[in-house]
Protein chains: 2
Amino acid sequence: MVTILDVSRKAGVSTATVSRVLNHPDMVDEKTRDLVHVASEQLGYRPNRIARDLARRSSQTIGVVVNNFASPYYGVMLDGVDEALVASGWNVIAETSRETAAGEFRAIQSLMDRQCDAIVVHANSLDDAALAELFRKNPKLVLMNRLLEPFQSRCVYLDNELGGRLAARHLIASGHVDIATIAGPETFHEVRSRLKGFAGALGEAGLALPDSRIVRADFSLAGGRRALADLIERQSGVTAVFAHNDEMAVGAIEAAYQMGLSVPDDLSVIGFDDMTIASLSRPALTTIGQPLRAIGTACGRLAHALSREADTSEIRRVFDAELIERETVSEPRH
Amino acid sequence: MVTILDVSRKAGVSTATVSRVLNHPDMVDEKTRDLVHVASEQLGYRPNRIARDLARRSSQTIGVVVNNFASPYYGVMLDGVDEALVASGWNVIAETSRETAAGEFRAIQSLMDRQCDAIVVHANSLDDAALAELFRKNPKLVLMNRLLEPFQSRCVYLDNELGGRLAARHLIASGHVDIATIAGPETFHEVRSRLKGFAGALGEAGLALPDSRIVRADFSLAGGRRALADLIERQSGVTAVFAHNDEMAVGAIEAAYQMGLSVPDDLSVIGFDDMTIASLSRPALTTIGQPLRAIGTACGRLAHALSREADTSEIRRVFDAELIERETVSEPRH
DNA sequence: AGGACAAATGTAAGCGCTTTCATTTCGATT
DNA sequence: AATCGAAATGAAAGCGCTTACATTTGTCCT
């Protein structure tokens, strides 16, 4: 391995000078600068980043923890973070939590051990208390797509209540009255918010959302299928369903077909997330979109600012959900 | 920051001893071991990984370069690599190339600068010559899902020819004779292999694949749509189409519908990859599956072995494509 | 010519660890 | 009790950089 010492010898200068032409070129005379460039070129010198980071006590990298890499949900946000940082020459390194609280904790620790200058974490297994503890201890943590009240300034998230409200209003505007929802697990804060907004908007329209019209599933296709079957069996008369993600919505549509119901004629369905599946399934799914990439870049920018102790006031924290109309909602038959 | 020195002082031992209890616990007496554990516990000591890596001249991490994070195609492979390494305590750090040759080069360099012990790269912009150059210089490089002849032992890839053959045989077995293909860009080696296998199998059945029945598209949905429209316009009589990925296949199906053709009754379609979209689109797409996760884990294991100069002979390099029958292929009408 | 000041460079300490080598400690053996 | 070898520990060098500080060189005045 060719080191800075080799270059300095070949160029006939001190290592300090070599280091300077790399990091503060304006501090050194043009002639010696050329000398160094030539030498380092000839030797094929590449600075050892580990050594540099140790000496600088900063790594110029942002860590990111996500549940997994396979789901585009995280992938898009990751790409967003990356996009926000690539221009500044900073790097992002990502680690997966494998969807457990222990994993989330471990990943954060590992990223801290690596001396990341800031860390963006998507956590939905760790509870508020544990998360708050971590955020208190480490001021360079950013929470991705989740709100942790006491550390609001370090959270970037979707307005899930708005999302729920939009879904409800669209269904109401289309003339529906008998409305149900396939919600995600109660442990997810997003789920609680979406439900709140949804129920709220129904209430404003004089419509109730009794517990019997809230059915839980696990965000999977199969879960959506089961949920809809349950719902139709128990609650006849339902003409519209709001599912908390697109997969469950598609599952619900499949189940509806199997039960002889046609979508949207007999049953309107609205999803959440606007992942690729929403635009590709047939009929194309009406859904609530969330700007995942933008959320990612905001996290990246926030983390970057935090790590340099720069001003963060200009960075957007709350993003709006948006109704994406496609083909699965229509007026109810009667 | 609490360092190893702090711990050593608190425990009343030397830093060497603290280091030993962390890395070679059996070398130190049980009593002093406890002493150190208690001290490091009380101080909340966390070893600085950067410093450790510098001293060890090894980072115990594998770098991975992929086109982007957003596509599950790469995400699944990444997850595979991660899965292969997590058990051994090694980490993976990933970087994106942003789909350019320059980006691929830059990402590899960056990962090398970070002293990754081995690097797994998915490259489809860099050409064979450039890649060979890199592989010659760096013996710790592994090529993911691509074959580079002179460095076969460091490549893990799908048998794309087999994939093409399977597609052709399935179509032939279903009774088709007028067969066309929507291929990816010629620059992709996968594309060339798939085409080779496809044409070969047709040939064996006495069927030809004239250039007029090969249409190129860019792996996108829209590209698939356009390609099919072209094809039908120019080549009447085609009853079956093999698309080089699922997105183009779905695009083709959409275009077919728009032209009043029904799938599979008027036109059979077979895709490639078996991504989520294949199972979710309606009608569900018949396709050629590739074991992306397994390919990823094989890359991870190979990289790990390479970095330790361990035996790699047991690691699988070539993976078989597999026919996944769903609903878009049937016998031709006549 | 001499001095003051800025610009350019070098010296060396230090970042937080690991590891070699030397030293000490401790049973076991005579 | 003396001796020996193995086990446990410590001292210190070193990993490849950066940077504070000291030194040298060059420029411009008077």
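Here the structure is a predicted model, which is why all the values come from computation and not from measurement. Quick note on labels: first sequence line is chain A, next is B, and so on, each numbered from 1.
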**Item:** From CG (B:Leu148) to CZ (B:Arg154), nearest 0.5 Å
**Value:** 9.0 Å

**Fill in**
To the nearest angstrom, the CG-P distance between A:Leu22 and D:dT19 comes to 12 Å

**Item:** Residues within residues 24-40 of chain B bordering DNA chain C, heavy-atom distance below 4.0 Å
**Value:** B:His24

**Asked** Between A:Leu54 (CG) and D:dG16 (P), how many Å, whole number?
**Response** 12 Å

**Asked** Looking only at side-chain N and O atoms, does A:Thr17 come under 4.0 Å of OP1 or OP2 in C:dG10?
**Response** yes

**Side-chain donor-acceptor pair present, A:Ser58, A:Asp117, cut-off under 3.5 Å** = yes

**Item:** Separation of C:dG16 P from B:Arg9 CZ (nearest whole Å)
**Value:** 12 Å

**Polar side chain donor-acceptor pair, A:Asn91 to B:Arg114, under 3.5 angstrom** = yes

**Message:** Are B:Leu35 and B:Thr17 packed together at the side-chain level, in the sense that at least one heavy-atom pair is separated by less than 4.5 angstrom?
**Reply:** no

**Request:** Go through C:dT18, D:dT18, D:dG10 for me and flag the one nearest to the B:Ala16 side chain.
**Result:** D:dG10

**Message:** For A:Tyr45, give me all partners under ring pair (Phe, Tyr, Trp, His ring centres under 6.0 Å), at least two apart in sequence or on another chain.
**Reply:** none

**Message:** If you compare all heavy atoms of A:Gly296 against all heavy atoms of A:Val81, which two are closest, and at what distance to 0.1 Å?
**Reply:** O-CG2, 3.3 Å

**Prompt:** Does a side-chain heavy-atom distance below 4.5 Å link B:Arg20 with B:Val13?
**Reply:** no

**Request:** Answer yes if the side chains of B:Thr96 and B:Asn68 hold a donor-acceptor pair under 3.5 Å, and no otherwise.
**Result:** no

**Message:** If you compare every side-chain N and O of B:Thr3 against the phosphate oxygens of C:dG16 (OP1, OP2), does one of them come in below 4.0 Å?
**Reply:** no

**Request:** Give a yes/no answer on whether the side chain of A:Asn23 brings an N or O atom under 4.0 Å of OP1 or OP2 in D:dT18.
**Result:** yes

**Item:** Nearest-angstrom distance from the residue atom CZ of B:Arg56 to P of C:dT19
**Value:** 6 Å

**Request:** Provide, to the nearest angstrom, the distance between the CZ atom belonging to B:Arg20 and the P atom belonging to D:dG10.
**Result:** 8 Å

**Asked** Is it the case that B:Gln152 and B:Arg317 place a side-chain donor and acceptor less than 3.5 Å from each other?
**Response** no

**Message:** From CZ of B:Arg57 over to C1' of D:dC17, roughly how many Å is that when rounded to an integer?
**Reply:** 14 Å

**Euclidean distance, atom CG of residue A:Asp113 to atom P of C:dC17 [Å, nearest integer]** = 10 Å

**Message:** Applying a 4.0 Å non-hydrogen cut-off, can you work out what B:Arg49 is touching in the nucleic acid: base, sugar-phosphate, or nothing?
**Reply:** nothing

**Request:** State, without any angle test, whether A:Asn124 and A:Glu190 hold a side-chain donor-acceptor pair at a distance under 3.5 Å.
**Result:** no

**Prompt:** If an axis is fit to five pairs at each end of the helix from C:dA1-D:dT30 to C:dT30-D:dA1, what is the angle between the two, to the nearest 10°?
**Reply:** 50°

**Message:** In this structure, how many angstroms lie between the P atom of C:dG14 and the CG atom of B:Asn48, rounded?
**Reply:** 18 Å

**Item:** A:Ser14 vs C:dG10: side-chain N/O to OP1/OP2 distance below 4.0 Å
**Value:** yes

**Fill in**
The nucleotide from C:dT18, C:dT20, C:dG14 with an atom nearest the side chain of B:Ala55 is C:dT18

